[in-house]
Amino acid sequence: NIFTLFPWQEDFIKPLARFILQQDELASAVVLLPNARPARYLQREFAAIAQEQGLKALVLPRLMTVQELFELLGAGLELPADVSEAPKQAELLDRVALLHEAVRENTPELQYSVQNGKPNTPDICPEIQIIGQECPKTTPKAKSEENAGARFKNPLALPVNSPEHFLPWGLRLANLLEDFLNAELLPVNYQHLEGVTGEFAALLLSRLGHIQQSYLRLLQEHNLLTPALTAFNVARAARIAQPENSAGNFPFLHGKHFIMA
């Protein structure tokens, strides 16, 4: 059977462990799990079954998360000619820092200096609070991308120069770009969303395609990968492989059969 369903009234780990142990060639089996927690519970259940049956040892499959599988397959891909060391996985805060730099590259009209949560530029306009603009009698409306910053009055809504204030934006942006890569999609610049979401969010979305291009370039310059970028590269390599040898680029897959839980 391609699919095996367990009654929802039962503890999922117990029937799953027994189902796994009933399979043939467990030594070459790989059980794919969504995260590391089920693996710990499965190992406990395997130990309980062995004790129950009076067994001193069990032949068990390899337990892996989906992310671990992609990282393993990605490590086997051929490196570009100009790269001598295998890329490392970027931690979340490292990704946020690179995204902060990418956003700054693509929103020059919003940059300002912050000291103790307030603008510290002496010639800044108190109404608009954007560097390099004269104070008008009334707050102007943005008519083009060049003066888009004029619509923002609160400097805390413009965290492009403050890593601390950018952090919540960066976390959401990092997750959004991971979702795009997991779906094997590249974002574009999404325009005219001012009435749908907040103004700063709408501005970021209007530059999203360019922001991701800068972000991917920065990751490459620092020889870093993200989980979704690793999966994206693996999927691309699998499509390039010959159909009759779909595992050709991935030696780990040879002779393996998978159980997805």
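All of these numbers come straight from a predicted model, not from anything done at the bench.
Here N233 contributes atom CG and L73 contributes atom CG; the two are 12.0 Å apart, rounded to the nearest 0.5 Å. L167 contributes atom CG, which lies 6.5 Å from atom CG of L93 (distance to the nearest 0.5 angstrom). Rounded to the nearest 0.5 angstrom, L216 CG and L229 CG are separated by 6.0 Å. Atom CG of L204 is separated from atom CD1 of I211 by 5.0 Å, given to the nearest 0.5 angstrom. The structure places CG of L181 at 10.5 Å from CG of L225, a figure rounded to the nearest 0.5 Å. Atoms CG and CG, from L176 and L99 in turn, are 9.5 Å apart once rounded to the nearest 0.5 Å.
Residue pairs meeting the salt bridge (charged side-chain N to carboxylate O under 4.0 Å, His left out) criterion with at least one member in residues 222-233: none, sequence neighbours excluded. Among residues at least two apart or in separate chains, side chain to side chain donor-acceptor pair (under 3.5 Å) pairs with a member in residues 174-183 are E178-T226. Pairs passing the salt bridge (charged side-chain N to carboxylate O under 4.0 Å, His left out) check and including a residue from residues 57-76, sequence neighbours excluded, do not occur.
Using modelled atom types, no side-chain atom of R95 and backbone atom of A174 make a donor-acceptor pair closer than 3.5 Å. Counting only distance, with no hydrogens or angles, the side chain of Q191 and the backbone of S206 share a donor-acceptor pair below 3.5 Å.
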Show me, pair by pair, the donor-acceptor contacts under 3.5 angstrom made by side chains of residues 30-41, not counting sequence neighbours?
from, atom 1, to, atom 2, distance (Å)
N35, OD1, R37, N, 3.1

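Taking 4.5 Å as the limit, every side-chain heavy atom of I20 sits out of range of all side-chain heavy atoms of L60. Looking at F19 and I259, their side chains come closer than 4.5 Å, going by heavy atoms from C-beta outward.
Residues satisfying the side chain to side chain donor-acceptor pair (under 3.5 Å) test with Q212, not counting sequence neighbours, are none. Residues meeting the ring pair (Phe, Tyr, Trp, His ring centres under 6.0 Å) test with F180, sequence neighbours left out: none. Judged as a side chain to side chain donor-acceptor pair (under 3.5 Å), and not counting sequence neighbours, the contacts of R217 are E105, E221. Listed by chain and number, the residues in a side chain to side chain donor-acceptor pair (under 3.5 Å) with Q23 amount to none (sequence neighbours excluded). Annotation: side chain to side chain contact (heavy atoms under 4.5 Å, CB included) contacts of Q43 (sequence neighbours excluded): L63. Partners of V59 under the side chain to side chain contact (heavy atoms under 4.5 Å, CB included) rule, at least two apart in sequence or in another chain, are L26, A27. Residues satisfying the salt bridge (charged side-chain N to carboxylate O under 4.0 Å, His left out) criterion with E184, sequence neighbours excluded, are R239. Partners of K14 under the salt bridge (charged side-chain N to carboxylate O under 4.0 Å, His left out) rule, at least two apart in sequence or in another chain, are E45.
The two residues H210 and N106 make their nearest non-hydrogen contact at CB-OD1, 3.2 Å. Residues D11 and P15 come closest through the heavy atom pair O-CD, 2.6 Å. Taking every heavy atom of both residues into account, L219 and L98 meet most closely at CD2-CD1, 3.6 Å. The two residues V188 and L208 come nearest to each other via the heavy atoms O-CB, 3.7 Å. Of all heavy-atom pairs between M64 and L72, the closest is CE-CD2, 4.0 Å. A pairwise comparison of heavy atoms in Y215 and L177 identifies CD2-CD1, 3.6 Å as the closest pair.
Surrounding CD of Q51 are at most 12 heavy atoms belonging to other residues, nucleotides or ligands under 6.0 Å away.
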- request: With side chain to side chain contact (heavy atoms under 4.5 Å, CB included) as the test, would you mind laying out the steps for L69 and V234 before giving the verdict?
  value: CA-CA 10 Å; L69 175 63; V234 168; over 6 Å; no
